[in-house]
Amino acid sequence: MNELLNKQLQTAELQQQHLRQLVRAQDELPDNVKTVAGVDVAYEKDSNRLVAAVVVLDATSLAVEQVVSHYGEATFPYVPGLFSFRELPAILLALEKLPLQPDLIICDGQGLAHPRRFGLACHLGVVTGIPTIGCAKTRLLGEYGPLAASRGSYESLVDNGEVIGRAIRTQTGKNPVFVSIGHKVSLDTAADWVLRLAPTYRLPETTRAADHAVKTLLKLHSLKI
DNA sequence: GCGACAG
DNA sequence: ATCTTGTCGC
């Protein structure tokens with residue numbers, strides 16, 4: 001019964017090897033980014049039920065403008081390195097419900113800071129064509145030197161001599177977040193946006209809003225409301 | 001061989 | 001990711 005799973009994982013890796021070539025690491029975002037979105041997925045405890053949400057914020061005020069969601073079931077297991085295959089399908093279905101696509105999307109996970117340089121942020125960006133940034137709470141791979149304690153300080157995330165992202169302190173004295181290129185956004189621009197979106201808390205308002213939305217929706221759903 | 005391993 | 005109580009602090 002593991003043969004099918006192994007085949008599925010092998011196919012997913014091949015997909016990554018193919019799609020990774022389509023990632024664009026330079027700035028190709030609009031001159032004036034007006035909307036920024038956060039995406040997240042929450043899972044029900046003893047089932048495969050899940051809910052994905054896309055929350056659109058005004059890029060200047062950071063006020064929530066729109067929330068769309070999708071209820072479904074997980075069809076792929078959680079495997080480090082193949083995370084996007086578990087979350088992307090539901091995220092795409094939620095995204096389709098938006099009448100207007102956001103100018104930029106911040107993902108809760110890695111972008112190029114991935115073993116095959118193709119984390120969730122890259123996958124979502126390449127599939128939709130929307131500029132994306134990866135902003136993870138923990139590191140998947142790469143090393144970084146001593147990081148100053150103040151907000152805004154950062155160190156390069158290096159893997160095999162290659163800069164794959166940046167460990168950035170968004171709040172003085174708090175643990176850093178791990179930012180990497182997703183699609184159509186340079187690392188410098190990605191870092192700027194993450195800092196701009198996290199003026200008060202460690203995580204960007206986009207991921208905080210998406211996380212909150214998804215947890216609330218899942219709770220309401222389990223209450224059959 | 002052993003441990004580590006985005007969410 | 002999810003479960004899980006109280007607790008310390010602004």
Side-chain angles (χ1 to χ4, degrees), chain A residues 5-6 9 12-13 15-16 19-20 23 37-55 69-94 105-127 132-144 157-160 164-168 170-183 187 190 194 200-204 206-223:
Chain A
L5 176 58
N6 286 328
L9 302 185
E13 278 195 32
Q15 278 287 305
Q16 293 183 323
L19 294 172
R20 61 184 290 188
V23 172
V39 299
D40 198 13
V41 179
Y43 303 83
E44 199 172 70
K45 191 198 171 193
D46 289 312
S47 76
N48 288 315
R49 296 292 300 171
L50 59 75
V51 56
V54 178
V55 180
S69 60
H70 168 78
Y71 291 90
E73 291 197 354
T75 59
F76 201 95
Y78 169 64
V79 179
L82 296 177
F83 181 51
S84 64
F85 290 88
R86 179 174 175 77
E87 304 220 324
L88 195 60
I91 291 173
L92 291 176
L93 288 170
I105 297 177
I106 284 63
C107 295
D108 189 6
Q110 320 289 345
L112 288 182
H114 174 281
R116 284 169 294 282
R117 306 295 184 260
F118 197 71
L120 172 64
C122 299
H123 203 159
L124 177 60
V126 165
V127 168
T132 59
I133 293 170
C135 180
K137 295 184 287 292
T138 61
R139 184 184 58 81
L140 212 197
L141 54 67
E143 304 295 336
Y144 61 100
L157 247 191
V158 181
D159 179 49
N160 285 316
I164 58 174
R166 204 173 277 182
I168 304 176
T170 54
Q171 294 300 317
T172 299
K174 297 292 188 178
N175 290 326
V177 292
F178 302 87
V179 178
S180 58
I181 290 172
H183 188 54
L187 185 53
V194 168
T200 312
Y201 299 98
R202 181 171 86 112
L203 300 179
T206 40
T207 88
R208 281 169 46 78
D211 186 72
H212 180 258
V214 101
K215 282 177 177 165
T216 300
L217 290 170
L218 185 63
K219 193 158 291 185
L220 291 177
H221 187 66
S222 63
L223 292 178

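In what follows, every chain begins at residue 1, and chains take the letters A, B, ... in the order their sequences are listed. Atoms considered below: every heavy atom in the structure, side chains included; atoms not considered: hydrogens, waters and symmetry mates.
Contact record, A/Ile164 with A/Gly142: CD1-CA, 4.2 Å, taken as the closest heavy-atom pair.
The strand DNA chain C forms no stems, meaning no runs of 3 or more Watson-Crick or G-U wobble pairs with distances below 3.5 Å.
Atoms CD and OG1, from A/Gln171 and A/Thr200 in turn, are 6.5 Å apart once rounded to the nearest 0.5 Å.
For A/Phe76, the ring-ring contact (aromatic ring centres under 6.0 Å, His included) criterion is met by A/Phe85, not counting sequence neighbours. Every side-chain hydrogen bond (donor to acceptor under 3.5 Å, both in side chains) that A/Arg20 has, sequence neighbours left out, goes to A/Gln17. Evaluation of the ring-ring contact (aromatic ring centres under 6.0 Å, His included) rule for A/Tyr71 yields A/His221 as partners, not counting sequence neighbours. For A/Arg139, the side-chain contact (heavy atoms from CB on, under 4.5 Å) partners at least two apart in sequence or on another chain are A/Glu143, A/Tyr144, A/Leu157, A/Phe178. Take A/Lys215 and apply the salt bridge (Lys or Arg N to Asp or Glu O under 4.0 Å) test, not counting sequence neighbours, and it matches A/Asp211. Taking the side-chain hydrogen bond (donor to acceptor under 3.5 Å, both in side chains) definition, one finds that A/Ser47 meets it with A/Glu44, sequence neighbours left out.
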Report all interatomic pairs (protein N or O, nucleotide N or O of nucleotides 8-10 of chain C) with separations under 3.5 Å.
none

What's touching nucleotides 1-7 of chain C from the protein side, N or O pairs under 3.5 Å?
{"residue": "C/dA1", "atom": "OP2", "partner": "A/Lys137", "partner atom": "NZ", "Å": "3.3"}

| query | A/Leu203 and A/Thr170: side chain to side chain contact (heavy atoms under 4.5 Å, CB included), yes or no, with the steps? | reply | CA-CA 8 Å; A/Leu203 300 179; A/Thr170 54; over 6 Å; no
| message | A/Leu92 vs A/Leu124, test: side chain to side chain contact (heavy atoms under 4.5 Å, CB included). Steps then yes/no. | response | CA-CA 8 Å; A/Leu92 291 176; A/Leu124 177 60; 3.9 Å; yes
| task | Output, in order, the C-alpha distance, side-chain angles, deciding distance and verdict of side chain to side chain contact (heavy atoms under 4.5 Å, CB included) for A/Thr207 and A/Asp40. | result | CA-CA 7 Å; A/Thr207 88; A/Asp40 198 13; over 6 Å; no
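At whole-Å resolution of the value, CG in A/Leu88 and C1' in B/dG7 are 14 Å apart. Atom-to-atom, CG of A/Leu120 to C1' of B/dA6 comes out at 9 Å; the value is rounded to the nearest Å. In this structure, CZ of A/Phe76 is placed 17 Å from P of B/dG7, rounded to the nearest angstrom. Taking atom CZ of A/Phe83 as the reference point, atom P of B/dC5 lies 16 Å away to the nearest angstrom. Between the CZ atom of A/Phe178 and the C1' atom of B/dC5 there is a distance of 14 Å, given to the nearest Å.
Residue A/Ile91 is classed as having no contact, given no heavy-atom separation below 4.0 Å to the nucleic acid. Among the heavy atoms of the strands lying under 4.0 Å from A/Gly81 is at least one base atom, whether or not backbone atoms are also near.
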Can you give the donor-acceptor pairs under 3.5 Å from side chains of residues 105-118 of chain A to other protein atoms, not counting sequence neighbours?
{"residue": "A/Asp108", "atom": "OD1", "partner": "A/Lys137", "partner atom": "NZ", "Å": "3.0"}
{"residue": "A/Asp108", "atom": "OD2", "partner": "A/Lys137", "partner atom": "NZ", "Å": "3.0"}
{"residue": "A/Gln110", "atom": "NE2", "partner": "A/Thr138", "partner atom": "O", "Å": "2.9"}
{"residue": "A/His114", "atom": "ND1", "partner": "A/Arg116", "partner atom": "N", "Å": "2.9"}
{"residue": "A/His114", "atom": "ND1", "partner": "A/Arg117", "partner atom": "N", "Å": "3.4"}
{"residue": "A/His114", "atom": "ND1", "partner": "A/Phe118", "partner atom": "N", "Å": "3.3"}
{"residue": "A/His114", "atom": "NE2", "partner": "A/Gly81", "partner atom": "O", "Å": "2.7"}
{"residue": "A/Arg116", "atom": "NE", "partner": "A/Gln16", "partner atom": "OE1", "Å": "2.5"}
{"residue": "A/Arg116", "atom": "NH2", "partner": "A/Gln16", "partner atom": "OE1", "Å": "3.0"}
{"residue": "A/Arg116", "atom": "NH2", "partner": "A/Gly81", "partner atom": "O", "Å": "3.2"}
{"residue": "A/Arg117", "atom": "NE", "partner": "A/Glu162", "partner atom": "OE1", "Å": "3.3"}
{"residue": "A/Arg117", "atom": "NE", "partner": "A/Glu162", "partner atom": "OE2", "Å": "3.4"}
{"residue": "A/Arg117", "atom": "NH1", "partner": "A/His114", "partner atom": "O", "Å": "2.7"}
{"residue": "A/Arg117", "atom": "NH1", "partner": "A/Asp159", "partner atom": "OD2", "Å": "3.4"}
{"residue": "A/Arg117", "atom": "NH2", "partner": "A/Asp159", "partner atom": "OD2", "Å": "2.9"}
{"residue": "A/Arg117", "atom": "NH2", "partner": "A/Glu162", "partner atom": "OE1", "Å": "3.1"}

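Residue A/Thr138 places no side-chain N or O under 4.0 Å from the OP1 or OP2 atom of B/dC5.
Remark: of the listed residues A/Val177, A/Ile168, A/Thr206, A/Val177 is the sole one forming a side-chain contact (heavy atoms from CB on, under 4.5 Å) with A/Cys135.
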| Pair pattern of DNA chain B in dot-bracket, where unpaired bases get dots and | marks partners in another strand, Watson-Crick or G-U under 3.5 angstrom | .......
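Within the structure, side chain to side chain donor-acceptor pair (under 3.5 Å) contacts touching residues 72-84 of chain A (residues at least two apart or in different chains) are A/Ser84-A/His123.
You'll find that the side chain of A/Arg139 is closest to B/dC5, out of B/dG7, B/dA6, B/dC5.
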